[in-house]
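Letters go in sequence order (proteins before strands), and every chain restarts at 1. Quick caveat: nothing in here was measured; it's all calculated off a predicted structure.
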Number of protein chains: 2
Amino acid sequence: MTQSIKTSVDAVVFGYDPEEGVSVLLITRKYEPFRKSWALPGGLVKNDESLEQAVNRELKEEAGIDVNYLEQLYTFGKPDRDPRNRVISVAYYGLVRPKDYQLSADTDAEDVAWFSIKKLPKLAFDHKHIVDVAIKRLQGKLAYEPVGFELLEKKFPFSDLEKLYQSLLSHELDRRNFKKKIMNYGFLEELEESIQRGAGRPARLYQFNKKKYFELKENGYNFDLFI
Amino acid sequence: MTQSIKTSVDAVVFGYDPEEGVSVLLITRKYEPFRKSWALPGGLVKNDESLEQAVNRELKEEAGIDVNYLEQLYTFGKPDRDPRNRVISVAYYGLVRPKDYQLSADTDAEDVAWFSIKKLPKLAFDHKHIVDVAIKRLQGKLAYEPVGFELLEKKFPFSDLEKLYQSLLSHELDRRNFKKKIMNYGFLEELEESIQRGAGRPARLYQFNKKKYFELKENGYNFDLFI
DNA sequence: GCAAAAGTGTTATTGGTACACCCATGG
DNA sequence: CCATGGGTGTACCAATAACACTTTTGC
């Protein structure tokens with residue numbers, strides 16, 4: 001018998017908000033199986049598009065969102081992961097900044113929403129497992145590459161970065177030591193501006209210097225933030 | 001038009017020999033396209049088998065080999081990577097010990113051989129690229145997990161481990177410091193036996209204590225051999 | 001006895017960790 | 001004036017890096 005395996009892509013898109021912590025973008029399914037269940041955005045790959053194109057297309061169609069970082073996560077291929085057909089899914093994970101985090105309303109009829117990774121609903125297929133793998137990967141990635149900057153506003157107070165690391169790595173970290181370490185790398189610039197949010201002293205804004213970061217990286221620098 | 005994408009697996013199997021360095025297992029293709037060209041072992045996934053089963057089956061059929069470590073590498077899905085059909089390939093990389101490294105002769109008619117990663121022949125499809133990705137991954141993996149032991153004999157002289165790291169990370173390392181670091185982790189046991197190979201003083205044999213390793217790992221130990 | 005590989009300790013420097021008080025603002 | 005979050009420096013300890021000579025064997 002000839003091969004009858006379908007290929008799909010699924011995307012685990014992470015957003016971050018200092019109040020809410022890390023969230024994942026979910027949609028409700030329009031069709032059986034798992035109709036009306038929450039699921040990862042994704043769908044079948046078209047014959048002439050690349051996997052990345054497929055992910056970006058689905059994200060646009062289903063959630064009206066553009067990610068600014070996208071990386072392949074893992075390919076899930078157990079024969080029974082879809083109850084109807086054999087479908088292997090190439091999963092990606094993406095990161096979006098807070099401003100894209102506000103979903104544009106004009107997407108399809110289906111529901112789209114952010115869910116904190118601490119309070120996920122029941123998910124279709126093996127999507128819970130895929131999300132778990134993505135979270136682990138993001139944690140690992142964060143520990144040796146400053147991808148966190150893709151989740152923050154272009155200009156942000158230092159405490160946002162700190163909170164991001166704390167919420168994702170889920171353990172305390174020393175404010176002074178953390179700042180010392182990050183600033184020592186030299187890819188983070190302190191700006192003249194400040195902002196104030198709620199109570200307390202206004203906070204200086206910082207921005208990530210990508211150019212400097214890539215220079216350091218070229219020179220074989222290791223960013224091991226094994227915090 | 002309905003989807004007509006095929007799913008295959010390809011395997012980058014690494015072997016190691018202290019004399020030869022790190023090698024990759026290649027086969028010659030029986031059919032067009034790229035007939036008689038060197039290529040990675042692999043082939044189409046069957047409808048009812050998992051991706052891992054497919055890799056292991058192909059390795060058995062095409063090269064008569066069993067790997068003792070297998071991990072998914074990346075999924076390659078560019079529309080034009082196969083000149084005839086659209087085929088996405090889920091690539092795996094595997095490690096074998098020297099004794100499996102000797103290929104059993106009774107495989108199919110096609111050629112099977114090891115090639116040093118320093119002297120690879122021209123490869124079919126995008127297999128050169130896949131091998132490059134696998135090498136990078138192995139280097140990275142080696143730096144934070146002792147997978148190297150899967151490449152060495154059960155009992156081995158310390159210098160084999162040292163040579164493995166040197167050849168793969170391609171820079172000098174201090175014998176004393178390296179040994180100090182590895183032995184400090186506590187998952188490597190010194191045996192009473194020695195062997196002698198060629199000239200020079202006989203070398204003590206060592207063996208990897210997997211149980212101890214997993215204990216340490218459970219306790220959140222980090223093996224960062226950023227050498 | 002010489003060539004070849006194995007084995008072994010000490011010191012200096014660096015980076016990591018622990019730790020507590022003052023500052024600027026809004027209400 | 002007080003509550004809230006922002007900002008900062010030092011001292012100790014642990015890990016890393018640099019470094020060269022001796023031992024055991026085969027030939």
Looking at [X], does any N or O in its side chain come under 4.0 Å of the phosphate oxygens OP1/OP2 on [N]?
X: Ser159(A); N: dG6(D); result: yes
X: Gln196(A); N: dG5(D); result: no
X: Lys181(A); N: dG15(C); result: no

> How do Arg201(B) and Arg204(A) order along DNA chain D: which one's closest nucleotide is nearer the 5' end?
Replying inline: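 Closer to the 5' end of DNA chain D: Arg204(A).
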Rounded distance (Å) that lies between atom [atom2] of [N] and atom [atom1] of [X]:
X: Asn184(A); N: dT8(D); atom1: CG; atom2: C1'; answer: 14 Å
X: Asp224(A); N: dG16(C); atom1: CG; atom2: P; answer: 7 Å
X: Ile182(B); N: dG7(C); atom1: CD1; atom2: C1'; answer: 16 Å
X: Phe178(A); N: dT8(D); atom1: CZ; atom2: C1'; answer: 16 Å
X: Phe158(A); N: dG7(D); atom1: CZ; atom2: P; answer: 9 Å
X: Arg197(B); N: dC27(D); atom1: CZ; atom2: C1'; answer: 19 Å
X: Lys179(B); N: dT10(C); atom1: NZ; atom2: P; answer: 16 Å
X: Asn177(A); N: dA20(C); atom1: CG; atom2: P; answer: 13 Å

> Considering heavy-atom distances to DNA chain C, does Ala199(B) or Ala199(A) have its closest nucleotide positioned more toward the 5' end?
Replying inline: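 That would be Ala199(B).
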> So is Lys154(A) actually on top of Phe208(A)'s ring, under 6.0 Å and inside 45° of the axis?
Replying inline: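 Not flagged: Lys154(A) not positioned over aromatic ring of Phe208(A).
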> Reckon Arg175(A) touches a base, only the sugar-phosphate, or nothing at all at heavy-atom distances under 4.0 Å?
Replying inline: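 Answer is base: heavy atoms of Arg175(A) come under 4.0 Å of a base.
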> Checking all strands, does Asp174(A) fall into the base, sugar-phosphate, or nothing category for heavy-atom contacts under 4.0 angstrom?
Replying inline: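 If one applies the 4.0 Å heavy-atom cut-off, Asp174(A) turns out to touch a base.
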Does the side chain of [X] reach to within under 4.5 Å of the side chain of [Y], using non-hydrogen atoms?
X: Val13(A); Y: Val96(A); value: yes
X: Val112(A); Y: Glu62(A); value: no
X: Pro121(B); Y: Trp38(B); value: yes

> From the list dG5(D), dA6(C), dT4(D), which nucleotide is the closest neighbour of the side chain of Ala203(B)?
Replying inline: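 Comparing dG5(D), dA6(C), dT4(D) against the side chain of Ala203(B), the answer is dA6(C).
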> Considering only side-chain heavy atoms of Pro202(B), which listed nucleotide, dT25(D), dG9(D), dA24(C), is closest?
Replying inline: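 Closest nucleotide to the Pro202(B) side chain: dT25(D).
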> Does Arg176(A) make a side-chain donor-acceptor contact with the base of dA20(C), cut-off 3.5 Å?
Replying inline: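 Answer is yes: a donor-acceptor pair is held.
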> Side-chain donor or acceptor of Lys180(A) under 3.5 Å from a matching atom on the base of dT8(D)?
Replying inline: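 Counting by modelled atom types and ignoring angles, no donor-acceptor contact under 3.5 Å is found here.
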>> Strictly distance-based, threshold 3.5 Å: is any side-chain N or O of Glu150(A) a donor or acceptor partner for the main-chain N or O of Leu152(A)?
In response: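 Flag not set: sc Glu150(A) to bb Leu152(A) has no pair under 3.5 Å.
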